[in-house]
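One structure below.
FYI, side chains are in, hydrogens and waters are out, and symmetry mates aren't considered; it's all heavy atoms of this structure. Treat the numbers as computed from the prediction; the structure is a model and nothing was measured. Each chain gets a letter, A, B and so on, in the order the sequences are listed, and its residues count up from 1.
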Number of protein chains: 2
Amino acid sequence: MKFDRMSSAGYLVNNLGRLLVEKLRTRIAPLGIVPGQFPALLALWEQDGLTQKELLAMLDIEQATLANTLTRMERDGLIVRKEHPADARARTIHLTDQGRSIRDPAHLAAMQINQEILADFSEKETQEFLDYMRRIIAKVKEAEEPN
Amino acid sequence: MKFDRMSSAGYLVNNLGRLLVEKLRTRIAPLGIVPGQFPALLALWEQDGLTQKELLAMLDIEQATLANTLTRMERDGLIVRKEHPADARARTIHLTDQGRSIRDPAHLAAMQINQEILADFSEKETQEFLDYMRRIIAKVKEAEEPN
DNA sequence: TAGCATTGCATGGCTAGCTATGTAATAATA
DNA sequence: TATTATTACATAGCTAGCCATGCAATGCTA
């Protein structure tokens, strides 16, 4: 009985995931950000001044992971956290000028990577691939939350 | 200009990768192993007594990552490292009885996950999906090593 | 309104990936 | 053969994910 990694969806997804994170890392390094900060930045570029809880609701990571990522983002001068006007437990999260300024090149880097890795794919194949991914994600999430 | 994560191949691959790692983690926890150990175990189940270098050549991780994983595997009683008969720098890696004994259930867990997440896929769709993944992986690797 | 439950966030400890670097052993060479 | 280069592996330090837990503030309720 043999297990062939190249025929294992799980193995392939994981392997590609790591490759793409590293690719993104090198692309966005000049902007002073790292891959883990990307989803939070995307959300904050859409809407600034959120609380951690509100931001968390937009992301697919755990609260503790976000808290640590935000701490590093603050350290790196991308965001500042201000006291919440009405709730002393909460803090609102605001992009700095620097955090705001890298929006376009960061978007571009991510879009270029997506485009490059799918350069040999037809439009139909690209859509099929994205659809397969979304279907599997939905399936996994449904399995872990049967409600 | 908006960036839609659900249309980003990179984001989707990553998101799914994490979901699947966690799924695997819960499945194999009863066996006393964790996902990072899986590839090394697969290789050792195929061939025991390899050096770290030989094992590394079969895996898609960096040397330092493997060294740390092997240390944890030894700590957890899955492997032992013995002195190499001819080269005092190297050590040969051997499965313990415990490491050997979990082979079948571990294989089964991984195969079941692959099967479950693709349960709604036709055979054709499954093959297409795997093929798309392999094509993209090849593309990314080719891009980073133009030779 | 006093006490308890809940909430918002932070922290600790783990796995697992990465790069860079150290160290001892081996191999190559001047 | 003495020195230098290379090799095999380990270690340090980082990001980034996870779960469990702590703590202060807020909300609820008897």
Side-chain angles (χ1 to χ4, degrees), chain A residues 11 13-29 32-41 50-57 59-76 78-79 81-93 144, chain B residues 11 13-29 32-41 50-57 59-76 78-79 81-93 144:
Chain A
Y11 184 82
V13 167
N14 237 279
N15 190 204
L16 181 55
R18 271 188 293 125
L19 288 170
L20 295 182
V21 163
E22 292 312 310
K23 201 175 184 66
L24 183 62
R25 187 184 305 280
T26 65
R27 291 293 178 90
I28 61 181
I33 60 174
V34 286
Q37 299 168 350
F38 215 99
L41 285 169
L50 299 167
T51 65
Q52 185 184 116
K53 184 193 166 123
E54 290 166 338
L55 182 53
L56 183 64
L59 307 180
D60 298 309
I61 55 175
E62 295 304 313
Q63 178 267 325
T65 301
L66 178 56
N68 283 324
T69 295
L70 289 173
T71 298
R72 285 188 292 269
M73 289 173 75
E74 191 159 32
R75 177 202 63 191
D76 296 348
L78 299 166
I79 59 166
R81 289 188 273 198
K82 299 182 186 168
E83 57 183 28
H84 191 282
D87 187 339
R89 292 168 303 180
R91 293 200 274 169
T92 56
I93 300 158
E144 72 192 17
Chain B
Y11 183 82
V13 167
N14 237 279
N15 191 205
L16 182 54
R18 271 187 296 123
L19 288 171
L20 295 184
V21 164
E22 291 311 310
K23 201 173 184 65
L24 183 62
R25 188 184 305 281
T26 64
R27 291 295 177 90
I28 61 180
I33 60 175
V34 286
Q37 299 167 350
F38 215 99
L41 284 169
L50 298 168
T51 65
Q52 184 185 118
K53 185 195 168 118
E54 289 166 339
L55 182 53
L56 183 64
L59 307 181
D60 298 307
I61 56 175
E62 296 303 314
Q63 178 267 324
T65 301
L66 178 55
N68 283 324
T69 295
L70 289 173
T71 298
R72 286 189 291 270
M73 290 173 74
E74 190 158 33
R75 177 203 63 191
D76 296 347
L78 298 166
I79 58 165
R81 289 188 271 198
K82 300 182 185 167
E83 58 183 27
H84 191 282
D87 187 338
R89 293 169 302 180
R91 293 200 276 167
T92 55
I93 300 158
E144 71 191 17

**Message:** Closest-nucleotide mapping onto DNA chain D: is A/Ile61 or B/Ala64 further toward the 5' terminus? I mean the 5' end.
**Reply:**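 The residue closer to the strand's 5' end, by nearest nucleotide, is B/Ala64.
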**Asked** If you pin B/Asn68 and A/Asp76 to their nearest nucleotides in DNA chain D, which one's is more 5'?
**Response**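 On the 5' side of the pair lies B/Asn68.
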Would you check if the side chain of [X] reaches a backbone N or O of [Y] as a donor-acceptor pair within less than 3.5 Å?
X	Y	answer
B/Arg18	A/Asp60	yes
A/Gln37	A/Val34	yes
A/Asp76	A/Leu78	no

**Item:** Positions of residues 85-93 of chain B (non-hydrogen atom under 4.0 Å from DNA chain D), listed by number
**Value:**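 Hits under 4.0 Å, by residue number: B/Arg89, B/Ala90, B/Arg91.
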**Asked** Which residue, A/Glu22 or A/Thr71, contacts DNA chain C at a nucleotide closer to its 5' end, judged by nearest heavy atom?
**Response**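 Looking at the nearest nucleotide for each, A/Thr71 comes out on the 5' side.
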**Request:** Report the residue (A/Leu70 or A/Asn14) whose heavy-atom-nearest nucleotide on DNA chain C is the more 5′ of the two.
**Result:**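 Looking at DNA chain C, the more 5' nearest nucleotide goes with A/Leu70.
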**Prompt:** Rounded to whole angstroms, how far apart are CD on A/Glu62 and P on C/dC9?
**Reply:**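 In whole Å, C/dC9 P lies 15 Å from A/Glu62 CD.
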**Message:** Check this for me: does the side-chain of B/Gln63 come within 3.5 Å of the base of D/dA8 through a donor and an acceptor?
**Reply:**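 Per atom types, no contact qualifies.
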**Request:** Would you mind classifying the nucleic acid contact of B/Thr51 as base, sugar-phosphate or nothing, using non-hydrogen atoms under 4.0 angstrom?
**Result:**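 Contact class for B/Thr51: sugar-phosphate only.
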**Request:** Go through DNA chain D and write down every stem, that is, every run of at least three consecutive Watson-Crick or G-U wobble pairs with distances under 3.5 Å, as range with range.
**Result:**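 Ordered by first number, the stems with DNA chain D (at least 3 consecutive pairs each) read C:1-30 with D:1-30.
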What protein N or O atoms touch nucleotides 2-5 of chain C N or O atoms at under 3.5 angstrom, if any, and at what distances?
none

